[in-house]
Enquirer: 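Structure incoming, see below.
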There are 2 protein chains.
Amino acid sequence: MTLDKRIRDAIEARIRSGEWRPGYRIPFEHELVAEFGCARATVSKALSALVAAGLIERRRKAGSFVAHPQVHAALLDIPDLARLEGYRWERTACATAAPEEMVEVQSGPLLRVEGIHHADGAPLALERRLIDVSTVPEAATADFETEAPGSWLLGHVPWSDARHRIRAIAADRAQATALGMPIGVACLQLERWTWRAGALVTYVRQVFPGDRYDLTAEFGSRR
Amino acid sequence: MTLDKRIRDAIEARIRSGEWRPGYRIPFEHELVAEFGCARATVSKALSALVAAGLIERRRKAGSFVAHPQVHAALLDIPDLARLEGYRWERTACATAAPEEMVEVQSGPLLRVEGIHHADGAPLALERRLIDVSTVPEAATADFETEAPGSWLLGHVPWSDARHRIRAIAADRAQATALGMPIGVACLQLERWTWRAGALVTYVRQVFPGDRYDLTAEFGSRR
DNA sequence: AAATATTTGTACGTATGTATA
DNA sequence: TTATACATACGTACAAATATT
């Protein structure tokens with residue numbers, strides 16, 4: 001374990017135990033330097049990491065203070081469907097999208113791909129995906145018959161930004177039929193918009209039966 | 001803008017534009033030192049930030065490489081209900097919990113608080129909360145009549161860890177009645193377990209009508 | 001298999017800038 | 001105004017890991 005990590009852990013432990021409560025002014029950097037017998041840069045590095053973790057705030061001239069907890073952000077884990085036991089992708093449609101769909105996501109010409117993710121022999125998620133072919137021209141020549149568009153895109157599009165929206169919906173007739181459930185079943189709907197350099201790459205909506213899928217998010221001693 | 005941030009942004013731009021694709025070996029630190037005319041420590045700080053952001057990987061002797069995108073983690077934003085327009089908390093129950101509830105969450109003696117979060121005059125969420133009074137003794141003397149237990153706890157319990165679970169459920173009779181909806185309506189259920197120094201602080205289950213609530217998560221140029 | 005060279009990782013001490021109590 | 005404490009950056013040193021010879 002490195003020295004800056006040890007310093008970081010020591011301070012974090014005192015915060016998490018409640019010994020140093022929110023608002024408490026932790027020792028000055030020069031005091032921590034004395035306590036740990038190291039250079040100020042090393043203490044500073046540890047404190048910077050604590051700031052990044054949201055545990056403390058630093059104010060010039062005033063010192064560093066234990067932050068007030070904010071449970072309003074957590075790291076959401078979105079599992080890769082393709083890694084599930086008994087995974088299979090079934091494509092049900094692949095066509096050029098209608099003009100109104102371009103309006104819907106405000107993009108250029110689109111490819112629409114629809115299909116079902118199966119896990120353990122049962123349908124797990126219904127997917128409707130739009131791919132902007134002006135951003136990803138190679139997508140026009142793919143058929144997404146055996147490979148789900150999600151994993152195909154991961155291999156063909158470099159780094160991007162994404163926004164997710166999660167909500168609960170009742171399955172409509174088409175969704176219920178595709179997933180083999182009664183109409184109106186509570187489902188988790190995950191929508192994702194992906195951009196690259198400001199241009200839309202893809203939009204996807206996945207619908208999961210509520211009793212077969214959940215999401216988890218961690219906050220705190222993450223990583 | 002600081003120098004290390006400028007270096008970081010310059011590299012990030014080349015990655016996001018696709019100029020440097022996943023797997024590409026970015027220039028060695030000494031080359032970046034030459035390019036930006038700075039000390040190696042400054043380049044190293046910029047690269048460390050890019051590692052933390054998941055954009056690159058560094059390997060001794062080999063160099064630093066553009067990471068392969070992983071959309072499997074995103075920062076989930078959990079809004080503070082009390083800040084919504086026309087917010088009101090209505091407590092419906094407050095009592096010592098039954099022994100079987102202690103088993104359910106594996107904790108010490110519990111206080112159970114139930115109530116409804118209203119926003120804009122309409123019920124937004126049904127809450128069932130368990131508080132471990134051995135971890136938070138002061139909770140035994142609070143009545144949670146006017147203040148929701150969530151915000152009360154934020155002010156009385158220092159830093160903690162939390163895990164969230166999100167799923168879609170159909171409203172049962174009691175939930176439907178409390179929220180003024182038909183039975184079976186699709187709802188988003190958010191569960192949260194909170195610990196402090198390894199001990200459970202609180203468990204809460206919030207049920208939102210699917211058409212009145214959603215969650216968003218960001219991935220990429222966050223912060 | 002072993003030695004070597006290269007690159008990242010950590011830490012130091014110093015210097016200077018900046019916000020502020 | 002001034003002293004203080006954090007913020008950024010520099011240059012050096014050595015350690016650790018690992019391709020390459």
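In what follows, every chain begins at residue 1, and chains take the letters A, B, ... in the order their sequences are listed. Note that this is a predicted model, so its numbers are computed, not measured.
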Enquirer: Under 6.0 Å from the ring centre and within 45 degrees of the ring axis: does the NZ or CZ of B:R167 meet both conditions for the six-membered ring of A:Y213?
Expert: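 Cation-pi check for B:R167 and A:Y213: fails.
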Enquirer: Distance check needed: D:dA9 C1' versus B:K45 NZ, whole Å only.
Expert: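 That distance rounds to 9 Å.
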Enquirer: Using ring pair (Phe, Tyr, Trp, His ring centres under 6.0 Å) as the criterion, list what pairs up with B:F36, not counting sequence neighbours.
Expert: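 In terms of ring pair (Phe, Tyr, Trp, His ring centres under 6.0 Å), with neighbours along the sequence ignored, B:F36 is linked to no residue.
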Enquirer: Give me the distances for all protein-to-nucleotides 19-21 of chain D N/O pairs that come in under 3.5 Å?
Expert:
none

Enquirer: For side chain to side chain donor-acceptor pair (under 3.5 Å), just list the numbers for B:R58 and B:S44, CA-CA rounded to whole Å, side-chain angles, deciding distance to a tenth of an Å, and then say yes or no.
Expert: CA-CA 10 Å; B:R58 301 165 88 183; B:S44 185; 3.3 Å; yes
Enquirer: Considering only heavy atoms, which members of residues 30-43 of chain B lie under 4.0 Å from some atom of DNA chain C?
Expert: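 By residue number: B:H30, B:R40.
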Enquirer: Report the base-pairing partner of D:dC6 (Watson-Crick or G-U wobble, both distances below 3.5 angstrom), or none.
Expert: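 Checking every strand shown, D:dC6 finds its partner in C:dG17, with both distances under 3.5 Å.
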Enquirer: Among residues at least two apart in sequence or on other chains, which ones pass side-chain contact (heavy atoms from CB on, under 4.5 Å) with B:T42?
Expert: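 Expected list: B:L3, B:D4, B:I7, B:C38, B:A39.
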Enquirer: In whole angstrom, what separates B:R58's CZ from D:dA17's C1'?
Expert: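 It works out to 14 Å between those atoms.
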Enquirer: Can you sort out the partners of A:H30 under ring pair (Phe, Tyr, Trp, His ring centres under 6.0 Å), two or more places apart, ordered by chain and number?
Expert: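 Residues passing ring pair (Phe, Tyr, Trp, His ring centres under 6.0 Å) with A:H30: A:F28.
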Enquirer: Let me know the distance between CZ of A:F28 and P of D:dC6, rounded to the nearest Å.
Expert: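 So the two atoms are 6 Å apart, to the nearest Å.
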Enquirer: For B:W89, enumerate each residue passing the ring pair (Phe, Tyr, Trp, His ring centres under 6.0 Å) test, keeping only those at least two apart in sequence or located in another chain.
Expert: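 Expected list: B:H117.
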Enquirer: Sorted by first residue and then second, give each side chain to side chain donor-acceptor pair (under 3.5 Å) pair with at least one member in residues 197-207 of chain A; sequence neighbours left out.
Expert: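 For residues 197-207 of chain A: A:E127-A:Q206, A:R129-A:T202, A:E191-A:Y203.
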Enquirer: With sequence neighbours left out, what residues match A:H156 under ring pair (Phe, Tyr, Trp, His ring centres under 6.0 Å)?
Expert: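 Checked A:H156 against ring pair (Phe, Tyr, Trp, His ring centres under 6.0 Å); matches are A:W152.
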Enquirer: Between A:D4 (CG) and D:dA15 (P), how many Å, whole number?
Expert: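 Value for this atom pair: 18 Å.
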Enquirer: Tell me, please, which residues at least two apart from A:E19 pass side-chain contact (heavy atoms from CB on, under 4.5 Å).
Expert: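 Expected list: A:R14, A:S17.
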Enquirer: Reading DNA chain C from 5' to 3', where do the contacts with chain A start and stop? Cut-off is 4.0 Å to heavy atoms.
Expert: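 The footprint of chain A covers C:dT10 to C:dA21.
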Enquirer: For A:P69, give me all partners under side-chain contact (heavy atoms from CB on, under 4.5 Å), at least two apart in sequence or on another chain.
Expert: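 Checked A:P69 against side-chain contact (heavy atoms from CB on, under 4.5 Å); matches are A:P22, B:L154, B:W159.
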Enquirer: The criterion is side-chain contact (heavy atoms from CB on, under 4.5 Å); which residues satisfy it with A:R60, sequence neighbours excluded?
Expert: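 With sequence neighbours excluded, A:R60 shows a side-chain contact (heavy atoms from CB on, under 4.5 Å) to no residue whatsoever.
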